[in-house]
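Every chain is numbered from 1 and lettered A, B, ... according to where its sequence line falls, protein lines coming before strand lines.
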Protein chains: 4
Amino acid sequence: MGDKGGTPPALRADARRNRAQIIDAARALFLRVGVDVPMEEIAKAAGVGVGTLYRRFPDRAELIKAVSLDNFARLVELAERVEGAEPDPAQALTTLLRSALELRLGITMTALSDRAYRAIQSSPEIDELRDRVMAVAQRLLGRAQAAGTIRADIEIGDTMLALVLVSRLVPPAGDDLAEMVFQRLFALVVDGLRAIPGTPMPGRPVTYEDINELRRSGGLGGFGKFAPADPDESQRAR
Amino acid sequence: MGDKGGTPPALRADARRNRAQIIDAARALFLRVGVDVPMEEIAKAAGVGVGTLYRRFPDRAELIKAVSLDNFARLVELAERVEGAEPDPAQALTTLLRSALELRLGITMTALSDRAYRAIQSSPEIDELRDRVMAVAQRLLGRAQAAGTIRADIEIGDTMLALVLVSRLVPPAGDDLAEMVFQRLFALVVDGLRAIPGTPMPGRPVTYEDINELRRSGGLGGFGKFAPADPDESQRAR
Amino acid sequence: MGDKGGTPPALRADARRNRAQIIDAARALFLRVGVDVPMEEIAKAAGVGVGTLYRRFPDRAELIKAVSLDNFARLVELAERVEGAEPDPAQALTTLLRSALELRLGITMTALSDRAYRAIQSSPEIDELRDRVMAVAQRLLGRAQAAGTIRADIEIGDTMLALVLVSRLVPPAGDDLAEMVFQRLFALVVDGLRAIPGTPMPGRPVTYEDINELRRSGGLGGFGKFAPADPDESQRAR
Amino acid sequence: MGDKGGTPPALRADARRNRAQIIDAARALFLRVGVDVPMEEIAKAAGVGVGTLYRRFPDRAELIKAVSLDNFARLVELAERVEGAEPDPAQALTTLLRSALELRLGITMTALSDRAYRAIQSSPEIDELRDRVMAVAQRLLGRAQAAGTIRADIEIGDTMLALVLVSRLVPPAGDDLAEMVFQRLFALVVDGLRAIPGTPMPGRPVTYEDINELRRSGGLGGFGKFAPADPDESQRAR
DNA sequence: AATGAATGAGCATTCATTCAT
DNA sequence: GATGAATGAATGCTCATTCAT
């Protein structure tokens, strides 16, 4: 067989197609219904049987990972394209943030539910892609701060969390009022990022590393509900 | 005694105690685990049997309503107290927002899940309390705008949604890093509200009425997942 | 105290009133809803709390027994009155049967459900009253047969079962069509009893003793559903 | 192959087998225990898990419908066979009635419980089969009346209700006394149908349409308990 | 490899019965 | 003695996951 030993054993054409359809269906349904949407519903939306879904993704966590990976890949592509195209760093950052939201990736579910959070933990591939996106964002932020167009007392962690916040408001396509509301909130938060001089911020700038720390301690996992995690929570994880 | 009518025929002392314990347990678990926590878990946390829980609240929706009502009552109390105590309107508004969050009411779940949203719909008592809170906030906002300390191009709907956003970040007590992050994000959003001159905002100021409209059209219900509402969603409602 | 040692310790006036109200409510609801109607519903209909109901009747079986006893007492009264008043035996029997049905006692639930059946078993008081009703019926039947106005090839057991059958059709007051249908079926069955010469009947006349035998073997218990009792059924009895 | 359309997409062999087993088990248990038997018990009797049962029949009502449909199909087969084979109409009618009972279909639960009644309502397939059975019965009745072997003052509705009555007595196989009792009662009712001249019947002949009317108004639904229908009963329907 | 059937554990809810007030 | 609260077992139904076809 043409299998060159690689981890993913090179899918047959139809299998690859199925895989893609499943991911698309899952992304849409995760977004529309939630990460808890019945597997069968995802399978149906993808036009396959559950069996097929499970053959490709052994359990829900794997599916969530796959969707996330795909999402982050799109973000990487976006980030690098924006950085290359827009010379003004504040403008580039803003565009990056807005475009990231408009991709409707639920950026990228980490913030959305315990379940998604736990599923995504410990995926080096995802970590790698996220790092790449963050690197771009960090560069843009630094340049904008140097240029004096973004407030100096924040770090990329603050920025990113602001983004996660606003991501909750991304409306489904077609609702005009909700769309306007979203755009306004986005603008408002961007104004917060730009505020110079802003109100002196409490604490110290939040770094990417802080975010990872938060993630590790469960401090981010609970956004999907209200708030995170107590120890025995893990039992619920299945 | 103080019973000025009597549809709910005045609970026995122990029953009232249980009722309160259930609401407390539910509030905590809704916050920590989500509105979907198993009823049994709530009962256990309240130290009663499921039967007792169900006697008091015929179904989950009723329990959600009761918790919300209680939450809003606290908010009313807070709002009116703050308004009476702090003469500077911008300061009063900020304090109100921050304190509302620190009450950890999940302000107040409307934004959190379809289920909560649907449960709360059509509760005139809740509507009434919410209106009172909004009235205070609106007054404070207006005065602050008149005083030039809050940007003029927003309305109470914008403010409220900003609050809903940040409410997602309220951390469980005791996590210092998460607490700091939350405080910073709060400050950042407040700076957005204060930004004068801010970036010109798209659309038009979002009123309380707009929010109600959004709510009605399902445009707010879905924040708990990623995004709201397609027609057949309602089937899922039970 | 004034308790003369008798088994029923002489209830206080209000207690006696409660007892009567409960029995009335239970009779009505057993008839309208079924013997499985929630105890709480019975209590409410009787205007008492469940506690009171249970104090008077330790469990559902006792309540069923009490209702049955009351019903049979009414039947005894009826039977003896009719026998005394109507000289023509066939006419008297017919009147007895029809009146028994029109009392809407569900004559008297034995035939109605496993549960009722089991509850009533082994109640000597009920047995005694039933015996008295049967004695009257038997006398009337015998005289009518002697007079040649009821077919000779049946016995009181046949008659009684025919009655049980028709009792299923007793409609709620006020439904004219159902009432007519019931009266016709009753007439039809009476014509069957009168048929002379009828089709030769299979088997032999069914006596009261046969009925008791059937009851004992469970052969009557199942009328409430379709058919009776297999051994392990008893587990369901509670 | 024989699939001339395909809404039910042709079950796999094992699934078809399971489906049949479930229907058989349900028919038996509905008959023996009642339509309220725990679903789990049905599943166990069918040798499958509850899940399987529910996959095939989304809820109890669907299962009841399926059993009824199957039952009526058997009745149609019986009716048409009897009509074709027996030239004497009164004899044919009698045979049809007796055989229908001996099929032990609980003919066919409509008369048995509110729940069954409600489940069956609005099933055009069932209606159609029932109509076919009734058509045969009506023809036979008409011919027998023309031949003077069945009384002239009744209609098919009367006949059918008489049958429903007797159906309550169908005993479980193997109980000789109960079997004899049943046969006698059947004979007695048949004699009632044949009574010429019978006692003048009250009201007017009851047609099939009357029966449907009764059914519609709930006047038949309640036979399973004692008596039907008050308005708020419907709440109990679930 | 795809499919869809089967399984069973999980959770909501009801209600008989017991018990504190 | 009356009341209505508390309990928990029973049952309907859903859905993740496994497995036969």
Peer 1: Say you draw a straight line from CG of C:Leu53 to CD of C:Glu40; how long is it, rounded to the nearest 0.5 Å?
Peer 2: 10.0 Å
Peer 1: Give a yes/no answer on whether the side chain of C:Asn18 brings an N or O atom under 4.0 Å of OP1 or OP2 in F:dG1.
Peer 2: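 So the side chain of C:Asn18 is outside the cut-off, no N or O lying under 4.0 Å from OP1 or OP2 of F:dG1.
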Peer 1: Determine whether D:Glu41 and D:Lys44 satisfy the following criterion, salt bridge (Lys or Arg N to Asp or Glu O under 4.0 Å), listing intermediate values before the conclusion.
Peer 2: CA-CA 5 Å; D:Glu41 207 161 317; D:Lys44 195 181 308 169; over 6 Å; no
Peer 1: Find which nucleotide of DNA chain F each of A:Ala61 and C:Val50 is nearest to by heavy atoms, and output the residue with the more 5' nucleotide.
Peer 2: C:Val50
Peer 1: Does B:Val48 reach a base, just sugar-phosphate, or nothing at all? Heavy atoms under 4.0 Å.
Peer 2: sugar-phosphate
Peer 1: Given E:dA12, E:dA9, F:dT17, identify the nucleotide with an atom nearest to the side chain of B:Tyr54.
Peer 2: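 Nearest to the side-chain atoms of B:Tyr54, counting from C-beta on, is E:dA12.
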Peer 1: Which nucleotide sits closest to the side chain of A:Arg56: E:dA2, F:dG12, E:dA12?
Peer 2: E:dA2
Peer 1: Please report the distance, rounded to the nearest Å, between CD in B:Glu40 and P in F:dA10.
Peer 2: 14 Å
Peer 1: Looking at CD1 of D:Ile42 and CG of D:Asp24, how far apart are the two atoms once the value is rounded to the nearest 0.5 Å?
Peer 2: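 If I round to the nearest 0.5 Å, the distance is 12.5 Å.
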Peer 1: Side chain of C:Arg60, base of E:dA16: donor and acceptor closer than 3.5 Å?
Peer 2: no
Peer 1: Name the closest nucleotide to the B:Met39 side chain, picking from E:dT13, E:dA2, F:dG12.
Peer 2: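 Of all the options, the side chain of B:Met39 is nearest to E:dT13.
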Peer 1: Check the distance between E:dC15's C1' and C:Asp59's CG and give it to me in whole angstrom.
Peer 2: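 The distance from CG of C:Asp59 to C1' of E:dC15 comes to 14 Å, rounded to the nearest Å.
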Peer 1: Please report the distance, rounded to the nearest Å, between CD1 in C:Ile42 and P in F:dG4.
Peer 2: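 Spelled out: CD1 on C:Ile42 to P on F:dG4 is 16 Å.
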Peer 1: Among the candidates F:dA2, F:dT17, E:dA12, find the nucleotide nearest to the side-chain atoms of C:Thr52.
Peer 2: F:dA2
Peer 1: Measure CG/B:Asp36 against P/E:dT13 and give the value in whole Å, please.
Peer 2: 11 Å
Peer 1: Rounded to the Å, how far apart are C:Leu53 CG and E:dC19 C1'?
Peer 2: 16 Å
Peer 1: How does DNA chain E read in dot-bracket, base by base from 5' to 3', with Watson-Crick or G-U pairs under 3.5 Å and | used when the partner is on another strand?
Peer 2: .||||||||||||||||||||
Peer 1: Please give, in whole Å, the distance from E:dC15 P to C:Lys44 NZ?
Peer 2: 11 Å
Peer 1: Report yes or no: does C:Arg60 contribute a side-chain atom to a donor-acceptor pair with the main-chain N or O of C:Val37 at less than 3.5 Å?
Peer 2: yes
Peer 1: For D:Arg16 and for B:Ala13, locate the closest nucleotide of DNA chain E by heavy-atom distance; then report the residue assigned to the nucleotide nearer the 5' terminus.
Peer 2: D:Arg16
Peer 1: Please round to the nearest 0.5 Å and tell me the distance separating atom OH of B:Tyr54 and atom CD1 of B:Ile22.
Peer 2: 11.5 Å
Peer 1: If I take atom CD in residue C:Glu41 and atom C1' in nucleotide E:dA16, what distance separates them, rounded to the nearest angstrom?
Peer 2: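 Value for this atom pair: 14 Å.
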Peer 1: Which sits closer to the 5' end of DNA chain E, D:Gly51 or B:Arg17, going by the nucleotide each is nearest to?
Peer 2: D:Gly51
Peer 1: Should the pair B:Arg17-B:Asp14 be classified as a salt bridge under the 4.0 Å nitrogen-to-oxygen rule?
Peer 2: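 Judged by the 4.0 Å cut-off on N to carboxylate O distance, B:Arg17 and B:Asp14 do not form a salt bridge.
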Peer 1: For D:Ile64, does its backbone N or O pair with a side-chain atom of D:Ser68 as donor and acceptor, under 3.5 Å?
Peer 2: yes
Peer 1: To the side chain of B:Asp14, which of E:dC15, E:dC11, F:dA5 is closest?
Peer 2: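 Per side-chain heavy atoms of B:Asp14, the pick is F:dA5.
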Peer 1: Hey, what do you get for CD (D:Gln121) to NZ (D:Lys65), rounding to the nearest 0.5 Å?
Peer 2: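 If we round to the nearest 0.5 Å, D:Gln121:CD and D:Lys65:NZ are 10.0 Å apart.
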Peer 1: Measure CZ/B:Arg55 against P/E:dT17 and give the value in whole Å, please.
Peer 2: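 Rounding to the nearest Å, CZ of B:Arg55 and P of E:dT17 are 16 Å apart.
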